[in-house]
Trainee: 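Sharing a structure below in structure tokens format, with a few things to ask.
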There are 2 protein chains.
Amino acid sequence: MASAEMQSQDRVASPRLSADRVREILIVDDHPLMCDALALTLKISFGLRNVRTARSLAAAQEQIRNQGAPDAVILDLNLPDARGAEGLVTLRRQIPDVPITMISADLENAMISAAMAAGAQGYISKSLGREALVDSLRRMWEGERVTPDSYQPEHAGEEDAARAELARRFATLTPQQMKILRLICQGKANKEISYELSIAEATVKTHITAIMSKINARRRTQAVLLANSVRLFEPA
Amino acid sequence: MASAEMQSQDRVASPRLSADRVREILIVDDHPLMCDALALTLKISFGLRNVRTARSLAAAQEQIRNQGAPDAVILDLNLPDARGAEGLVTLRRQIPDVPITMISADLENAMISAAMAAGAQGYISKSLGREALVDSLRRMWEGERVTPDSYQPEHAGEEDAARAELARRFATLTPQQMKILRLICQGKANKEISYELSIAEATVKTHITAIMSKINARRRTQAVLLANSVRLFEPA
DNA sequence: TGCGGCTACGACTTCGGTTGTATTGGCCGA
DNA sequence: TCGGCCAATACAACCGAAGTCGTAGCCGCA
């Protein structure tokens, strides 16, 4: 676990933003414990007195209507009433000028780029330590767009693309090959498969070789894992 | 959001257990903020002085070796070095008589039943409020097995009994066997495994034979499927 | 008629799994 | 404290299963 787990993205000139001007913040998270922990950390580290919290997107919106806009928002990515980037988009419509930091346990590349594309000021992991967290927030409130170290913007969607490519490869399997793969994914041996399909074991092996070459696997266990990764055959 | 989100499962007679006897607990979670929040809550609500924390399964194990066993454990389901039920199984080997509470944001039915089958004292959601959390823990420490309201063990008929039995079998795996099984479930060949663990391929094979005899599998692909069926190792 | 994809088979090589055995370290009772 | 014992780990030799390669029949189509 590194101490400063954040990388600088780009330092935009944002005259309106400054960590000093952040006096009141709003935390939107449905985990009460996490809310408390965040609030406490912020109070101590930034000397903030006004830390507001909300348990849902709807509650946050109403609170902003009633009590006015905060100087910054920390928004959980997985709220009961707004999973994903939806909550971010909604909130930004209401308070376009307030920096919104996304927070989540999820470090998937696709998720981060979606959030950043939707206008988040930054994205921090729930597994960050106190110091790194505080540092990241400070930088965000000074106008920097901050993403986790692990985030590779250029590879965004790459794993998704790989998944799609994999699915395409599975689509090239012939009917017989598909039958055989299904049986493989049930843990059957070649001999059993040959019996069920009434063909020679040698033939089964040939098909398996073809299958594995198509989906780029070397061992049959890998074939099983790949098939499961695209949910080729759903549970028995 | 209900206030008391827990349901009673069954009140087992457990003379050794009593909430009063819980004086020292260990929290295993890789989210520092969550750790703090939990620790603080417990200190306040139970008047506990000794709340130990660990950031990973390995750290927890070492701490237990060095400082002895705590009276109770709260274990995150998604640790960097042990996703899924694996961590629970491993810890229970080390401290079989200490009640272990699983905690996770994930409320999937299958996940919960996997954890309970693997011998957890209870399962609580990270989105629980303080009161409900404290109440649930107290009941667990008195011997009750507590699961979230949303959990429906109903389709936990025979199929779940089989699952529980399976989980118990996985729990008998030795550390080395567990390592090897994890690598098998990543699609690795025996030779690769032997290299990674710096042992002879022959040894790997011996362990595999032992593993398969314990979980009642004949082929390694079946071992992978069985491990996945109890969510022993969660996806990377 | 010839070409390419699907299916089928056998011979050969490599890998996976079984069995038998040795070594170590912890635990328990004499 | 010392054997004795068991569990865990380690290795090699053997054999059956898995996977590779070369080949062939059978379509449908140009």
Side-chain angles (χ1 to χ4, degrees), chain A residues 168-228, chain B residues 58 61-62 64-66 68-69 86 89-97 168-228:
Chain A
R168 231 172 293 126
R169 286 166 182 271
F170 275 113
T172 70
L173 294 184
T174 69
Q176 192 76 325
Q177 287 168 359
M178 196 61 91
K179 280 188 208 166
I180 289 177
L181 181 57
R182 182 186 295 113
L183 294 170
I184 287 179
C185 288
Q186 287 166 14
K188 312 227 167 170
N190 292 345
K191 207 187 282 184
E192 297 175 293
I193 297 174
S194 73
Y195 179 74
E196 281 200 36
L197 300 182
S198 302
I199 55 179
E201 192 183 343
T203 310
V204 173
K205 291 178 179 179
T206 311
H207 282 301
I208 293 179
T209 300
I211 292 170
M212 299 211 294
S213 133
K214 281 181 180 176
I215 66 175
N216 214 24
R218 316 255 139 131
R219 286 166 273 296
R220 77 165 35 204
T221 46
Q222 289 181 336
V224 173
L225 295 170
L226 288 174
N228 284 340
Chain B
Q61 289 186 283
E62 195 186 332
I64 291 174
R65 269 194 301 276
N66 293 337
E86 184 197 358
V89 167
T90 309
L91 261 194
R92 269 180 65 81
R93 274 187 75 78
Q94 198 175 358
I95 44 173
D97 295 328
R168 231 170 295 126
R169 287 165 182 271
F170 275 113
T172 70
L173 294 184
T174 69
Q176 192 77 325
Q177 286 167 1
M178 195 63 89
K179 279 190 209 166
I180 289 177
L181 181 57
R182 183 194 293 113
L183 295 171
I184 288 179
C185 288
Q186 287 167 14
K188 312 227 170 174
N190 292 344
K191 206 187 284 185
E192 296 174 292
I193 296 174
S194 73
Y195 180 74
E196 282 200 35
L197 299 183
S198 302
I199 56 180
E201 192 183 344
T203 309
V204 174
K205 291 179 179 180
T206 311
H207 283 300
I208 292 179
T209 300
I211 293 170
M212 300 210 293
S213 130
K214 282 181 181 175
I215 65 175
N216 214 21
R218 316 248 145 131
R219 287 166 270 298
R220 71 163 42 199
T221 46
Q222 290 180 337
V224 172
L225 295 170
L226 289 174
N228 285 339

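All heavy atoms count here, side chains included; hydrogens, waters and symmetry mates do not. Below, chain A is the first sequence line, B the second, and so on; all start at residue 1.
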Trainee: Hey, is the side chain of A/Asn190 poking within less than 4.0 Å of OP1 or OP2 on D/dA17, counting only N and O atoms?
Mentor: no
Trainee: To the nearest 0.5 angstrom, please state how far the CD atom of A/Gln186 sits from the CG atom of B/Leu225.
Mentor: 9.0 Å
Trainee: Report which part of the nucleic acid A/Thr174 touches: base, sugar-phosphate, or nothing (heavy-atom distance under 4.0 Å, all strands).
Mentor: sugar-phosphate
Trainee: According to a strict under-4.0 Å criterion, is B/Arg93 in side-chain N/O contact with OP1 or OP2 of D/dA8?
Mentor: yes
Trainee: Look at the side chain of B/Thr209 and decide which nucleotide, out of C/dA8, D/dG19, C/dG17, has an atom nearest to it.
Mentor: C/dG17
Trainee: Using a cut-off of 4.0 Å on non-hydrogen atoms, how would the nucleic acid contact of B/Gln177 be classed: base, sugar-phosphate, or nothing?
Mentor: nothing
Trainee: Within the structure provided, determine whether B/Lys214 and B/Thr174 are in side-chain contact (heavy-atom separation under 4.5 Å).
Mentor: yes
Trainee: Rounding to an integer number of Å, can you tell me how far A/Ile208 CD1 sits from C/dT7 P?
Mentor: 14 Å
Trainee: In whole Å, I'd like the distance from the CD atom of B/Glu201 to the C1' atom of C/dG17.
Mentor: 11 Å
Trainee: Rounded to whole angstrom units, what separation is found between the CD1 atom of A/Ile199 and the P atom of D/dA24?
Mentor: 20 Å
Trainee: Mapping A/Ala200 and A/Lys214 to their closest nucleotides on DNA chain C, which lands nearer the 5' end?
Mentor: A/Lys214
Trainee: So which nucleotide from D/dA17, D/dG19, C/dC9 ends up closest to the side chain of A/Lys205?
Mentor: D/dG19
Trainee: Could you pick out which residue, B/Arg219 or B/Thr172, lies toward the 5' side of DNA chain D when each is mapped onto its nearest nucleotide?
Mentor: B/Thr172
Trainee: Mind running salt bridge (charged side-chain N to carboxylate O under 4.0 Å, His left out) on B/Arg219 and A/Glu192 for me, showing each step along the way?
Mentor: CA-CA 12 Å; B/Arg219 287 166 270 298; A/Glu192 297 175 293; 2.9 Å; yes
Trainee: Side chain of A/Arg220, heavy atoms from C-beta onward: which of C/dT19, D/dG19, C/dC9 has the nearest atom to it?
Mentor: D/dG19
Trainee: Atom CD1 of A/Ile184 to atom P of D/dA18: distance rounded to whole Å?
Mentor: 9 Å
Trainee: Could you check whether the side chain of B/Thr206 and the base of D/dC11 have a donor-acceptor pair of N or O atoms closer than 3.5 Å, going by distance alone?
Mentor: yes
Trainee: Verify the contact: side-chain N or O of A/Thr203 to OP1 or OP2 of C/dC9, cut-off strictly under 4.0 Å; return yes or no.
Mentor: yes
Trainee: Would you check if B/Leu183 and B/Leu197 make a side-chain contact, meaning some heavy-atom pair closer than 4.5 Å?
Mentor: yes
Trainee: Between CG of B/Leu226 and CG of B/Asn216, what distance do you get to the nearest 0.5 Å?
Mentor: 8.5 Å
Trainee: The side chain of A/Ala189 is closest to which nucleotide in this list: D/dA8, D/dC11, D/dA18?
Mentor: D/dA18
Trainee: Expressed in angstrom and rounded to an integer, what is the separation of B/Arg218 atom CZ from D/dA17 atom P?
Mentor: 13 Å
Trainee: With side chains defined as the heavy atoms from C-beta onward, is the minimum distance between A/Ile208 and A/Ile180 less than 4.5 Å?
Mentor: yes
Trainee: Round to a whole Å and report the spacing from NZ of B/Lys191 to C1' of C/dT14.
Mentor: 8 Å
Trainee: Just the rounded figure in Å: distance from P of D/dA7 to CG of B/Leu173.
Mentor: 15 Å
Trainee: Nearest to the side chain of A/His207, which nucleotide is it out of C/dT7, D/dC11, C/dT18?
Mentor: C/dT7
Trainee: Which whole-number value in Å describes the distance from A/Gln222 CD to D/dA18 P?
Mentor: 16 Å
Trainee: Just call it for A/Ala202: base, sugar-phosphate, or nothing, with non-hydrogen atoms closer than 4.0 Å on any strand.
Mentor: base
